[in-house]
Structure formats: C-alpha cells, structure tokens
Amino acid sequence: MTLLTETFSGIVQRITYHNPDNGWSVLRVQSFISHEKQETVTVHQTKVFAGATMEFKGAWTTHPKFGRQFKAVEALEKKPATAGALEKYLGSGLIKGVGPKTAKKIVRHFGKETLDIFEHKIDLLTEVPGIAHKKLEMIGSAWQEHRSIRDVMMFLQHHGISTLFAVRIYKEYGDNAIQIVSQDPYRLVHDFYGIGFFSADKVALSIGLARDSDQRIIAAIKHVLAGSREEGHCYLTLSQLEQQVPQLLEMVMGTPLPHYLDVMEKEHHLRVRLIPDENRLEERCYYSNTLYHDEAAVASCIHTLAGKMQIEQQRIKTWTDKYCQRHSIQLSDEQADSVRGVASHGFSILTGGPGCGKTTTTLVIVRLLEAMGRKVLLAAPTGRAAQRMSEVIGREAKTIHRLLEWQRGFFQKNAEQPLETDFLIIDECSMLDISLSAGLLSAVPAGCQVLFIGDADQLPSVGAGNVLGDMLMSGMIPCFHLTKVFRQAEKSMIIHHAHHINKGDTPRIDSPFKTPEIWKDETDCLFIDADEATQEQIQFVRRIKCFFDQQETSSINQDVNDQNLFEFRTEEAITSSYEKDLVIPPKFQHVDLQTVYNAANSIEELKSVLQKVHPWSSLHYGFSALDVVEKLYLEWIPKYYGGNCEIQVLSPMTRGSLGTTNINAMLQKKANPEQPGKRQLQFGEKIFREGDRVIHRRNNYDLNVFNGDIGRIVSIDTEDMTCVVSFSPDNREIIYQKEDMAQLDLAYAITIHKSQGSEFEAVIIPVLTQHFKMLYRNLIYTGLTRGRKLAVFVGTRKALAMAVRQQDTSKRQTALKHLLINTFTGPDRT
DNA sequence: AGCAAAAA
C-alpha cells in the first residue's frame, strides 16, 4: 500500500476546489524549494486553510487536462516556518481581528520570532503600531480558542483523521473531543456520516485499543451487517457472520461470535428474526435495526391496506366497455378482469412481461378511478420511468422521492404527514428496494388504495430486498398477471427465448453463420458466436481468406460444410472456446502467401488449420467480437432491417473490451467519424461530435431531461461551448450549456441496467465470459426483451449458459415473503 | 476472470 512515499511541502495559496461531500480538494501550493513556483495538489477528505503550511505525502502525476499535479494521500499541517508563511497564516482570517494588513505589520515587527511571541509573550503585540489594548484582547482570546482547536485537531490528525473530519468532530464534541474519541473511537461511525468502520478502526488501533476488544468486535459486526445491503441481502446468517467478521478484524476470534451477538441483541444494536428453513427448522437471522424495521413495516402496511372494497362490478364493466369503445381500445379478458380487480382491492399488483399491455390496462384504470371521483397519484422509482408514465397516462407522475418530498435524508411525507390521495399507483416496482418501499407505504393514508405495477423477471433493485418478487411469491396479495402478448407473439422468437431464459433453459438461438437465410426470414433473434480472438489470429485468418478468394472460386466455407459440423449442438459450443481452436503453426507466421501457394502441400495444411476453427464462429470469417458488433451496426442490420432501424448496443458492463466505453469509442469513430465541417467539443477524454448518439445521466428538472433519456446531437456551438440535443419520441430539442454537458455520455452502447424500461427497434447484446460477474438471468432477460424487431447476441454460448443458470434474486436473503404469509395467516408459532 | 446501480 505505501509505495507512494514522495513528499511535497509548501504554503497553501488558494483552495481551487473543495467538494464538501467527500472532502476532495484541489489546492494551489507554493513550494518551499522553488519559491516562485506554484503547484497543484489534490487531496481527499482534507480541508486546508489558505496560508497553512502543509506537508503532503503521495505521488506526482499528470492529469490529462490539468497537467502536472501532486496526488496526496496524506496531508499534515506544519508550523509556519518562514516569515512569508507566517504572514499568510496570520492573515488568512483564521484569527479574528487579524487581517492581511495587520499580519504584515506584525511579521515585519517580530520577524522569525512571531510565532513564539504568539505562543508565549502575546502581550508584546502592543509594540506593533495600531494594536492597542482592545485589539490585543481580541487577538489573544481568538488565539487561545484557535490553540485549543489546534490541540484537538493535532490529536485527531495524529491518529489518522483528516482535517475536514477533525473540524466536524471538534464542532460536534467541542473541547471534550479528545476524551470522547479516546474512550470509544467507534462512536465516530455512528455520529459522523462519512466515517466508516475502517477510518474509526484506524484511530482505535492508533490510540492503542486492543485488537480483540469488545468495542472493536461489536463495531465490526455492525459493519458487516450494514454491508450485507451491498449484496442485496436484508439479513445474514450466523455462518456468514462467522466467516466475514474475523476476516474484517484480521484475526481469529477468542470468544465465539454468538456471545457477542446475544449481547448486541440485548443492547438493541441488532435484531434477530427466526425464519423457518426448508426443513421447518428455525434459523436465527441477524438484521441491522433499520432493515429489520423496514421489512416489518412493509409487511404490516400491506396488511393494513389489503382488503376487498365494496364496488359494483357491473357498473365498472359497463363503464369500461363504453370507455374502450369510445377510445377504440381493445382490452383482452385478462386486462378487463385486471381493471375490475384492481379497482376493488385495497392493495394489488399488476404484473406481466413486456408487450402484455400493462400500460393500456393502467390507462383504463386511471380513467375509471377518475370517473369514480377518486384522486389518483402516480409515481415510479426513477425519473425516466415517471416521465414515461406521465406521457402515456397523460397525468403528472413523480419520482417516489419527489412524491414523498425527500429533504436532507428524510421524507417530509410519512405516517404523521401522509400523502393526500385516494389511490396510489407505482410503476416499475421491480426497482423498489425494501427501504424505499417502507418509506412509501408508511406515507399512504388510511383508506387509500395502492397498485404496484412491475415485471419481477427484470433486474433487481439496487438496494436491499426483493420486494416485488417476495410479494408475488407470498401468494397473499391479489395479483393480476397479464400473460397474453400483443406483440406478434406467435412469430416472435424474442418472446419465445425470453420465456426459456426465465425458466432456466439456455435457449438455442440460430446463427446467421450457420443458416444465412435467416437474415432474409426477418427472424427477430440471432446469436453470433464470437470470442476474444487475438489480433494475430484475426490477421492470419484474413490473410488465408484473402488468399483463397484469389486462388479458388469455391470458398473455404464449402470445405467446412462437408464436415457436417453444422448440426446445432449447444453443449459442444458451450464447452469449446473458439479462439483456442486456432493455433497458428510457426511456419505460417508472417509467411508470404505466394510461397505457400507454390508448395501444394502447404495449401492443404492451411486448410486443415482453418478447419479446426468452429465453422460458425466469427473467427472463421476473420472477425473478432468487436468486429461483429461493428459489422452488425454499420452493415448487416441496416441491410436486412432497413437503414433507419434504430440500433442500440447493450453491454452487461461498462469496462472491458466489449464494455460500453470501448464500444462507444469504436462506434463513434466508425459510425460518426471526424470530418471537416462537423463540429465537436472535447471535455477531458470525452469527445462530443455533431450527429453523436448521447444519453443523459441525471434527472434534470430545469431542462426536463431524465436519467436514461437518449438523443442525438443536432448541432454544436464551439464558441459558446453549447450544443443542441434532440430527444425522441417527439424530437424535442434541448439546449445544453457547457456545464449541463457533463451529464451527457455517448450512447451507441449503454449498459443493460441503463436500458431497463426502454425499448429499441434492434439491440446488439455482447455476452462473453469477460462479463462473468454480471452474467445472471434477469440481466439477459432484460437485455433481450428490450428489442422490438431484432435482438442479436454476440459472444459465446458458454457465457449465455452461465448467465441463464445464475439466478441473482434467488440468492438475496429476505424475509418479506415469510412475513407476509405470517401477517396474513397469523403466526403459527407453538 | 472483479462488477453494476436509483434518488436528492
């Protein structure tokens, strides 16, 4: 860790930038060594005063935009050493009553002894002209105060706390700070947002607390429990804690863990819930207080809301029929049933895959309720989902955070100040985590009806819990499941394969390399086998192909055909790795093809080398996976599906050779290359060019653009550094100022996560083992079902099979399902 | 073989 041992010291001249959230600061620092030269220093979690003399530890780096800078990992305040430093220090406004002018006078008078005078003989300050008795008193008391702060600060900093937090800790604990922190350093985790277990532990060990002290172990248990959220879990089991806690503490525990857990439960540091496992044996499940409360709150709120309403079914039917007729809406039977069902239940769920008509059903429900004189509120977890809801329903829809009036970490709308409405409809509920659900449901007033809409097969929520899935699986909540697909269901292979994926079967998707006709058949789902071939392999195949094309009319493909390798064997494809099949014999490396041609036996050898490559892998045609993405985007899809077909690449990941960043860079270069007259702007590494496809990444209520909106850059003004982006569906044009453009990214490729809730005419989905960590069932399902006319996978069948086998949400440890069953049927404890 | 992600 400590490879960065360069140091750099100087006087802080100016604080160029300071981020109060994480403490990251950019400073201009005048070096001690070369006096005239100012350097840029970046440092984390440190607030430094202008004029302070600092010693930084870290390393020199070169930033692509800002050039040479010192990246500090540690900053220590030194006593001012030079007269110049002293003057800056005193004049920085740190001491009340001393400004730059007075500072100058003082330093000129006392020179090097200035600091000593302040420390020990402050009365002598009156020697300085302009400092009378009154001013001396002011300066004196300010200096006193400053000194006690400084003692605390020095203590905290000595034990590894950054200046920024030291200031906050001093503000909170005052002069007792040293005592409080020494007594229980782990208090800091609870009292200060931004200090975690690791920071507090550093202080604790530095102060000299024992590695096996109770405080330390309890803090570690709390930290592990809180961390389970990251995995999507609500609770951890004993064996999980026994594995993770000692690992965090970096020691073997003397006293067994259950002892501590019992103590913590008694002292309300954690909660335990007994949940029966498959064998009906009760297991102790350990919760952090908040998650325990949230889970229980969701279950009890739903129980309170649930129940049947007295509604005249016949009147609803008559009204619905009339409404649909007037607006020429065709409702299927299950949709009509859903409308009636939802209207007559206190709490219900409307679910179903894409293209099943959830939206139309919702529209009719909203109109019906309004006709019944009910006040209806609409909301969704994300800005984009809310905006789409408004567009489709024609009523305002808000994000849940806005609906509940989120302010400084709390919701203004809650059990005490509930929402004012008769009916609440929440869309895209697969994105709801347990905490937001608890916040939302507590704010529902008594007598209000609630409808959750969502597709549980889509991506799970970012936060902990499996809310929608648990509610559905509990079987306790009235659920209206739309199954009839309107989108040409019979023909659609996308729907067919999506269905298989959901069941856990790896779909056998046809490849155009195997069956070239399928392009013309306008199939809507394809798989192109491609792997991470090396440049050497690609070049080798291309050279051979080039050679054969010249020499023989019959292509090499004909030869491979003879081997009858085209039988569609998924299992074989799963185990084989295409690029490994191609071993280039040394004798053919960099060989002149004419020489090969002259030696007849060499031709046969060449053929046999190529025949080892899987005949429908893209390597066989001299394409890497990235080449295939390019070909699909620029040639193949436009050729068979029309040049106006909207194509979207959906990658499981941001990084990697087939991550969004790399694909974006490649497609920008190929699909929208630099041209004279085509204007562009550069921000650091990012280039935006006229014609680029872009995505907006944060809800911006001023511009009325939302996280996930995709558009095209219409024009760029290089003078003003502004641009105009046109967004679908109605091609509305938004003017971006320079600072707004930071919220834009290239969007030729986006992550599957970002695509949730959107649809595209054609999607290209790379699925390779390099995406290993992200490969799970819901992800593939979500990506595949984003395509309306075409979905093409590019990658290996092995990666696809891995993804389909991996069920993310089933691994989430949650108890909502269990709680709902218990609440509704009464606990069956004996 | 290390990774994605909402809200304010």
Side-chain angles (χ1 to χ4, degrees), chain A residues 20-22 193 227 229-233 294 379-389 397-413 426-440 443 454 458-468 531-532 577 579-580 650-662 695-702 705-709 743 745 749-758 765-783 795-796 798-799 802-803 806 808-809 811-812:
Chain A
D21 289 339
N22 56 22
Y193 180 83
R229 274 173 187 259
E230 281 289 298
E231 312 279 297
H233 298 317
D294 289 342
T382 67
R384 203 181 137 64
Q387 191 207 17
R388 230 188 13 256
M389 205 177 175
K398 293 180 178 174
T399 64
I400 295 174
H401 283 80
R402 292 207 135 202
L403 182 78
L404 301 180
E405 296 169 31
W406 197 93
Q407 264 171 38
R408 286 180 305 259
F410 297 96
F411 291 124
Q412 303 301 301
K413 293 289 179 193
I426 309 293
D427 200 0
E428 297 287 358
C429 288
S430 58
M431 295 194 244
L432 276 179
D433 66 31
I434 194 75
S435 307
L436 187 58
S437 306
L440 177 69
Q458 289 205 25
L459 293 172
S461 58
V462 173
N466 180 26
V467 177
L468 186 63
D531 212 338
E532 293 169 277
S577 177
E579 89 273 25
K580 277 194 199 127
L650 300 178
S651 176
M653 289 184 1
T654 312
R655 283 180 253 176
S657 66
L658 278 114
T660 55
T661 312
N662 201 40
I695 183 166
H696 187 92
R697 300 182 319 165
R698 281 180 105 152
N699 292 346
N700 187 325
Y701 293 92
D702 295 328
V705 246
F706 297 90
N707 186 352
D709 284 355
Q743 302 181 349
D745 247 341
I750 61 174
T751 58
I752 298 180
H753 277 87
K754 274 259 179 290
S755 77
Q756 168 130 304
S758 306
I765 310 167
V767 192
L768 290 106
T769 37
Q770 64 168 258
H771 301 134
F772 164 71
K773 266 289 155 182
M774 291 308 298
L775 294 179
Y776 43 88
R777 194 181 295 174
N778 310 34
L779 191 87
I780 299 298
Y781 173 84
T782 304
T796 61
K798 182 181 173 185
M802 276 165 53
Q806 203 68 244
D808 179 85
T809 42
K811 288 186 304 194
R812 291 196 171 196

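As a basis for the values below, the full set of heavy atoms in this structure was taken, side chains included, without hydrogen atoms, waters or symmetry mates. Letters A, B, ... are given to chains in the order of the sequence lines, protein chains preceding strands, and every chain is numbered from 1.
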What contact category does [X] fall into here, base, sugar-phosphate, or nothing, at under 4.0 angstrom with non-hydrogen atoms?
X        : value
A:Met653 : sugar-phosphate
A:Tyr701 : sugar-phosphate
A:Ser461 : nothing
A:Gly383 : sugar-phosphate

Minimum heavy-atom distance between A:Gln806 and A:Leu775, given as atom pair plus value: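 Heavy-atom minimum between the residues: CB-O, 3.4 Å.
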Output all residues satisfying salt bridge (charged side-chain N to carboxylate O under 4.0 Å, His left out) with A:Arg229, sequence neighbours left out; order by chain, then residue number.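 Applying salt bridge (charged side-chain N to carboxylate O under 4.0 Å, His left out) to A:Arg229 gives none.
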With A:Ser758, which residues qualify under side chain to side chain contact (heavy atoms under 4.5 Å, CB included), at least two apart?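 A:Ser758 satisfies side chain to side chain contact (heavy atoms under 4.5 Å, CB included) with A:Arg384, A:Phe760 only.
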Can you name the side-chain hydrogen bond (donor to acceptor under 3.5 Å, both in side chains) partners of [X], sequence neighbours left out?
X        : result
A:Thr399 : none
A:Gln387 : none
A:Ser657 : A:Gln770

First-last contacting nucleotides on DNA chain B - partner chain A, under 4.0 angstrom, heavy atom: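 Taking any atom under 4.0 Å from a heavy atom of chain A, the span is B:dA1 to B:dA8.
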